[in-house]
Amino acid sequence: MINFDGIKKITERLKWKQGDEDENWAKKAIDNLMKKLIKHNKQALENLEFALRCQGQQKTECVTIPRSLDGRLQISHRKALPHVIYCRVYRWPDLQSHHELKAIEDCRFCYESGQKDICINPYHYKRVHAAGVLPPVLVPRYSEKPPQEVPPTLAKFQLMEMSGSKMPQNVNMANVNF
């Protein structure tokens with residue numbers, strides 16, 4: 001059972017963050033997590049506090065929150081996968097996506113399991129540094145240079161040349177603006 005001092009310690013520890021993650025966003029993410037854990041899984045507060053204190057040096061329990069319909073969590077107009085959010089807040093501020101994470105074998109509620117609850121214990125995921133994984137790149141639709149529009153005046157002259165017609169002597173092309 002958590003007493004008042006225990007809740008205070010957990011709150012202080014949960015407000016800790018690593019790296020240069022946007023501080024206001026991280027605070028909102030932690031506040032959101034506190035509310036969810038108090039509402040749905042009070043034992044998870046103790047489990048998370050223990051996991052953060054041990055920093056992966058000891059075996060820890062899953063810390064779960066309910067899965068949303070689309071699997072993502074919205075915090076301050078930003079949607080992301082819950083386990084990515086809390087791994088970013090507590091362990092890897094430069095984490096870009098869920099493709100960089102892999103659940104440890106002991107995690108029973110990892111995101112990939114598809115269960116109704118999701119483990120957000122940042123020490124139940126390890127970072128995958130896959131060689132050859134590059135950030136997304138924008139690729140143009142056309143590999144060739146798109147055709148440029150020909151001004152109508154020039155198009156008429158080109159048609160005349162192709163048909164074998166000669167340009168009238170009194171036309172000066174230097175004065176034609178395209």
**Q** Does Leu52 share a hydrophobic cluster with Ile65, counting links as ILVMFWY side-chain heavy atoms below 4.5 Å and allowing steps through other members?
**A** yes
**Q** Determine, stepwise, if the pair Asp70 / Lys79 fulfils side-chain contact (heavy atoms from CB on, under 4.5 Å).
**A** CA-CA 10 Å; Asp70 70 352; Lys79 276 193 158 193; 3.1 Å; yes
**Q** Regarding Arg67 and the six-membered ring of Tyr111, is the cationic atom NZ or CZ under 6.0 Å from the ring centre and inside 45° of its axis?
**A** yes
**Q** For the residue pair Ser113 and Arg108, what are the closest heavy atoms and their distance?
**A** OG-O, 4.1 Å
**Q** With side chains defined as the heavy atoms from C-beta onward, is the minimum distance between Asn121 and Phe50 less than 4.5 Å?
**A** no
**Q** Looking at Gln43, is its backbone amide N or carbonyl O close enough to the side chain of Glu46 to form a donor-acceptor pair, meaning the two atoms are under 3.5 Å apart?
**A** no
**Q** Asp94 and Arg88: salt bridge (charged side-chain N to carboxylate O under 4.0 Å, His left out), yes or no, with the steps?
**A** CA-CA 7 Å; Asp94 62 335; Arg88 188 179 294 148; over 6 Å; no
**Q** Could you state the interatomic distance from CZ (Arg78) to CD1 (Ile85), rounded to the nearest 0.5 Å?
**A** 8.5 Å
**Q** With side-chain contact (heavy atoms from CB on, under 4.5 Å) as the criterion, how do Thr64 and Ile120 come out once you've worked through the C-alpha distance, each side chain's angles and the decisive distance to 0.1 Å?
**A** CA-CA 6 Å; Thr64 62; Ile120 53 87; over 6 Å; no
**Q** State whether the side chain of Gln55 and the backbone N or O of Ala51 hold a donor-acceptor pair below 3.5 Å, judged by distance alone.
**A** no
**Q** Taking C-beta and beyond as the side chain, do Leu95 and Val84 meet within less than 4.5 Å on heavy atoms?
**A** yes
**Q** Do Leu101 and Val128 have side chains that get closer than 4.5 Å, going by heavy atoms?
**A** no
**Q** Do Arg91 side-chain atoms and Pro122 backbone N/O form a donor-acceptor pair below 3.5 Å?
**A** yes
**Q** With side chains defined as the heavy atoms from C-beta onward, is the minimum distance between Ile118 and Pro82 less than 4.5 Å?
**A** yes
**Q** My understanding is that only one of Lys27, Lys28, Lys35 makes a side chain to side chain donor-acceptor pair (under 3.5 Å) with Asp31; could you say which?
**A** Lys27
**Q** Do you know the tightest heavy-atom contact between Asp117 and Pro66?
**A** OD1-CA, 3.5 Å
**Q** For the atom pair OH (Tyr90) and CD1 (Ile30), what is the distance rounded to the nearest 0.5 Å?
**A** 3.5 Å
**Q** What's the spacing between Arg53 CZ and Gln58 CD if we round to 0.5 Å?
**A** 8.5 Å
**Q** With side chains defined as the heavy atoms from C-beta onward, is the minimum distance between Tyr86 and Leu73 less than 4.5 Å?
**A** yes
**Q** Distance only, no hydrogens: is a donor on one side chain within 3.5 Å (strictly under) of an acceptor on the other, for Thr60 and Asn47?
**A** no
**Q** Drop me the distance from Lys116's NZ to Ser68's OG, to the nearest 0.5 angstrom.
**A** 14.5 Å
**Q** Do the side chain of Tyr125 and the main chain of Cys119 share a donor and acceptor less than 3.5 angstrom apart?
**A** yes
**Q** Mind listing the closest non-hydrogen atom pair of Cys107 and Cys110 along with its distance?
**A** SG-N, 3.4 Å
**Q** In terms of hydrophobic clustering (I, L, V, M, F, W, Y; side-chain heavy atoms under 4.5 Å; direct or indirect links), are Leu81 and Phe109 co-clustered?
**A** no
**Q** Measure the shortest side-chain to side-chain distance between Asp106 and His124 over non-hydrogen atoms and say whether it is less than 4.5 angstrom.
**A** no
**Q** Identify whether Ile75 and Val63 are in the same connected component of the hydrophobic contact network (ILVMFWY, side-chain heavy atoms under 4.5 Å).
**A** yes
**Q** Does atom CZ of Arg127 have more than 12 heavy-atom neighbours from other groups under 6.0 Å away?
**A** yes
**Q** Between Glu100 and Lys126, is the side-chain contact (heavy atoms from CB on, under 4.5 Å) condition met? List the steps.
**A** CA-CA 8 Å; Glu100 297 177 61; Lys126 49 189 169 178; over 6 Å; no
**Q** Heavy atoms only: give me the nearest Asn32-Gln74 pair and the separation to one decimal.
**A** ND2-O, 4.2 Å
